[in-house]
Protein chains: 2
Amino acid sequence: MLARVSSTPTFKRLPRAVREQQMLDAAVKVFSRRGFHAASMDEIADDAGISKPMVYAYLGTKEELFVACLHREGTRMMEAIAGAAASDLPADERLWRGLRAFFGFVGAHRDGWAVLYRQARGEQPFAAELATMRGRLVEVVAGMLDHALRAKGREVRATDLEVVAYALVGATESLADWLADHPEADPEKTATRMMNVAWLGADQLLRGITWHPPAG
Amino acid sequence: MLARVSSTPTFKRLPRAVREQQMLDAAVKVFSRRGFHAASMDEIADDAGISKPMVYAYLGTKEELFVACLHREGTRMMEAIAGAAASDLPADERLWRGLRAFFGFVGAHRDGWAVLYRQARGEQPFAAELATMRGRLVEVVAGMLDHALRAKGREVRATDLEVVAYALVGATESLADWLADHPEADPEKTATRMMNVAWLGADQLLRGITWHPPAG
DNA sequence: GAGCATACCTACTCGTGCGTAAGGTTACGC
DNA sequence: GCGTAACCTTACGCACGAGTAGGTATGCTC
């Protein structure tokens with residue numbers, strides 16, 4: 001066996017923790033470019049500058065690897081948002097800061113977002129995990145609306161609140177998607193636009209103004 | 001070879017057009033349950049009550065089959081919406097009818113929606129096609145907003161308009177997704193909720209009321 | 001400087017599922 | 001009633017990619 005001849009400068013041996021991060025970086029990149037199925041473990045290993053068995057040794061099977069990506073990116077995102085939107089602020093201020101943090105994250109981690117949102121969504125095994133994460137977001141938004149409503153002495157059925165929150169989260173994700181496809185776009189400006197759509201509509205609702213279908 | 005013994009009542013031979021529809025029905029069903037990759041041509045053929053080579057003979061490769069599904073479901077949906085929202089109505093009326101038609105469609109074709117939205121989105125080869133369809137929707141919505149604005153003597157930059165439209169479409173898709181997961185929910189009611197989120201916010205914008213970030 | 005653990009490799013196996021070759025059977029025109 | 005074309009089948013080839021077996025090198029500890 002020729003093995004590694006000294007022609008190549010005998011690449012560094014790195015501690016596990018470092019290699020794991022490199023692998024995750026590569027995996028996120030490849031998954032986001034190719035999609036879960038089309039991505040091959042060989043390509044990921046290659047991209048990480050390591051051989052395939054190392055990936056299996058450290059991060060396990062392909063599914064487990066994907067879950068690990070999901071976890072890392074998801075955690076990073078949630079932390080970015082939670083860190084920005086402290087809960088002792090008024091609702092509109094929290095919403096604004098949360099949105100800014102969110103779009104900032106997406107702008108800076110387009111690959112991560114693609115993995116999280118575009119890929120995980122379609123694949124059965126991961127959709128549930130993703131849904132849970134989104135569920136937490138919806139709850140937070142619904143909580144903010146509810147809080148603001150109660151402050152005005154109003155009360156709304158929980159389902160209605162949840163659905164509205166769901167719509168707002170959806171709109172936000174959609175804009176994030178748009179942002180991921182427009183590298184030249186400004187995350188801050190996108191956040192402002194979202195705020196316009198969301199808060200002006202919500203504000204109306206908070207005042208008790210509602211729309212209802214025409215008769216017939 | 002035993003071949004088909006007369007025990008089974010010699011299943012009917014059907015004309016191509018009919019079989020193609022049966023195949024598409026089966027394909028939509030299986031794709032929506034399993035996802036594009038996990039779905040096997042064998043299962044689709046089986047579900048259509050036909051053998052695999054027939055599928056290849058009529059609809060071509062797996063990718064082509066999926067595109068065919070996408071096309072049929074997409075066309076049906078667009079027709080449902082376009083049919084409901086005639087362009088000679090006022091903007092809010094058009095929006096309302098379009099939304100109602102849309103949620104009605106999703107409520108009635110949950111499988112089709114899952115294929116269109118959840119699957120096509122993640123898979124590179126189809127994402128483009130899907131994006132085009134959504135693009136048309138966004139244009140329509142943006143056009144409605146623009147029309148309403150001009151009627152009030154206002155003018156907004158095209159980009160802003162497009163982004164707002166994008167957000168509204170995203171919110172709507174998100175609610176459709178919610179609807180697909182809640183079989184007991186009422187499409188009509190969901191449309192009303194969406195109208196509340198969208199139109200109240202849009203109405204504010206139409207009046208020239210905008211939100212802007214706090215100083216600092 | 002022997003021993004041991006950990007990092008790392010090449011080179012396979014093997015299942016799965018797409019796509020097809022080659023042939024059987026039914027309907028319909030003439 | 002017979003040919004021909006369209007319908008439909010079984011049974012396979014084959015590529016691709018997940019996962020593994022088994023071995024080599026390197027650094028750390030005492």
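What you see is a predicted model, and the numbers here were worked out from it, not measured in a lab. Order of the sequence lines sets the chain letters (A, B, ...), proteins ahead of strands, with each chain counted from 1.
Protein atom CZ of Arg34(B) is 15 Å distant from nucleotide atom C1' of dT16(C), rounded to whole Å. Separating the CG atom of Asp46(B) from the P atom of dC8(D) is a distance of 15 Å, rounded to the nearest angstrom. In this entry the distance linking CZ of Arg13(B) with C1' of dC7(D) reads 4 Å, nearest Å. Atom CE of Met54(B) is separated from atom P of dT9(D) by 7 Å (rounded to the nearest Å). Atom-to-atom, CD of Glu20(A) to P of dC8(C) comes out at 11 Å; the value is rounded to the nearest Å. In this entry the distance linking CG of Leu14(B) with P of dC8(D) reads 6 Å, nearest Å. If you take NE2 of His37(A) and P of dG17(C), they are 11 Å apart, rounded to a whole angstrom.
When all heavy atoms are compared, the tightest approach of Leu168(B) to Met194(B) is O-CE, 3.8 Å.
Among the protein residues, Ala39(B) comes within range of the sugar-phosphate backbone only, with heavy atoms under 4.0 Å from sugar or phosphate atoms but none that close to a base.
Looking at Arg16(A), its side chain has no donor and acceptor atom pair within 3.5 Å of the base of dT6(C). Not a single donor-acceptor pair, N or O on each side, falls under 3.5 Å between the base of dA7(C) and the side chain of Arg19(A).
For the residue pair His71(A) and Glu129(A), a side-chain donor N or O sits within less than 3.5 Å of a side-chain acceptor on the partner.
A donor-acceptor pair is defined here as one N or O able to donate and one able to accept, closer than 3.5 Å; no such pair exists between the side chain of Glu93(B) and the backbone of Pro90(B).
For Ser40(B), taking side-chain heavy atoms from C-beta onward, the closest of the listed nucleotides dT9(D), dA27(C), dG17(C) is dG17(C). For Ile50(A), taking side-chain heavy atoms from C-beta onward, the closest of the listed nucleotides dC9(C), dT26(D), dC8(D) is dC9(C).
Summarising the local packing, NZ of Lys62(A) is surrounded by more than 12 heavy atoms from other residues, nucleotides or ligands at distances under 6.0 Å. Within 6.0 Å of NE2 on His182(B) lie more than 12 heavy atoms contributed by other residues, nucleotides or ligands.
Within the 4.0 Å cut-off from OP1 or OP2 of dA7(C), at least one side-chain nitrogen or oxygen of Tyr58(A) is found.
The shortest distance between side-chain heavy atoms of Tyr117(B) and Val106(B) does not fall below 4.5 Å.
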Atom pairs under 3.5 Å: protein N/O with N/O of nucleotides 19-21 of chain D:
{"residue": "dG19(D)", "atom": "OP2", "partner": "Tyr56(A)", "partner atom": "OH", "Å": "3.3"}
{"residue": "dG19(D)", "atom": "OP2", "partner": "Lys62(A)", "partner atom": "N", "Å": "2.9"}
{"residue": "dG19(D)", "atom": "N7", "partner": "Lys52(A)", "partner atom": "NZ", "Å": "2.9"}
{"residue": "dG19(D)", "atom": "O6", "partner": "Lys52(A)", "partner atom": "NZ", "Å": "2.8"}

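Between Trp113(A) and Phe102(A), the distance from one ring center to the other falls under 6.0 angstrom.
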